[in-house]
Amino acid sequence: MNCKANKCIECTVQQCAHHCDGQNYCTLDRIMVGTHEANPAMDQCTDCKSFCKK
C-alpha cells in the first residue's frame, strides 16, 4: 500500500484504516484523543477517537 505517513503521529494499531501499512505512523493530518473515564488517571484511560476499523 502506498500511503502518506504523518511522521508526527506514531501509531502501532494495524487494525485502523488510517494506519500506514509497513510503517508505525498514522496517515491523518490530525487525530482526536479522548477518554472513556470520568476522571482519567493513566494512559489506559485515553482513546484515539479518530480510530476507524479496517
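Since this is a predicted model, take the numbers as computed values, not measurements.
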*For residues Cys45 and Ala41, report the shortest heavy-atom separation together with the two atoms involved.*
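So the two residues come closest at SG-N, 3.8 Å.
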*For residues Cys11 and Cys26, report the shortest heavy-atom separation together with the two atoms involved.*
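That closest heavy-atom pairing would be CB-N, 4.2 Å.
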For the side chain of [X] and the backbone of [Y], is there at least one donor-acceptor N/O pair under 3.5 Å apart?
| X | Y | result |
| --- | --- | --- |
| Ser50 | Met32 | yes |
| Thr46 | Thr35 | no |
| Asp47 | His36 | yes |

*Once you round to the nearest 0.5 Å, how far does NE2 of His18 lie from CZ of Phe51?*
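Reported to 0.5 Å precision, the distance equals 9.0 Å.
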_Does His19 form a side-chain contact (heavy atoms from CB on, under 4.5 Å) with Asn24? I'd like the steps, not just the answer._
CA-CA 7 Å; His19 185 265; Asn24 283 332; 3.7 Å; yes
Contacts table for residues 3-10: side-chain donor-acceptor under 3.5 angstrom, sequence neighbours left out:
| unit_1 | atom_1 | unit_2 | atom_2 | d |
| --- | --- | --- | --- | --- |
| Asn6 | OD1 | Cys8 | N | 2.9 |
| Asn6 | ND2 | Leu28 | O | 2.9 |
| Asn6 | ND2 | Asp29 | O | 3.4 |

*asked:* Pair Cys16, Lys54 - check side-chain contact (heavy atoms from CB on, under 4.5 Å), show working.
replied: CA-CA 5 Å; Cys16 182; Lys54 276 188 185 174; 5.9 Å; no
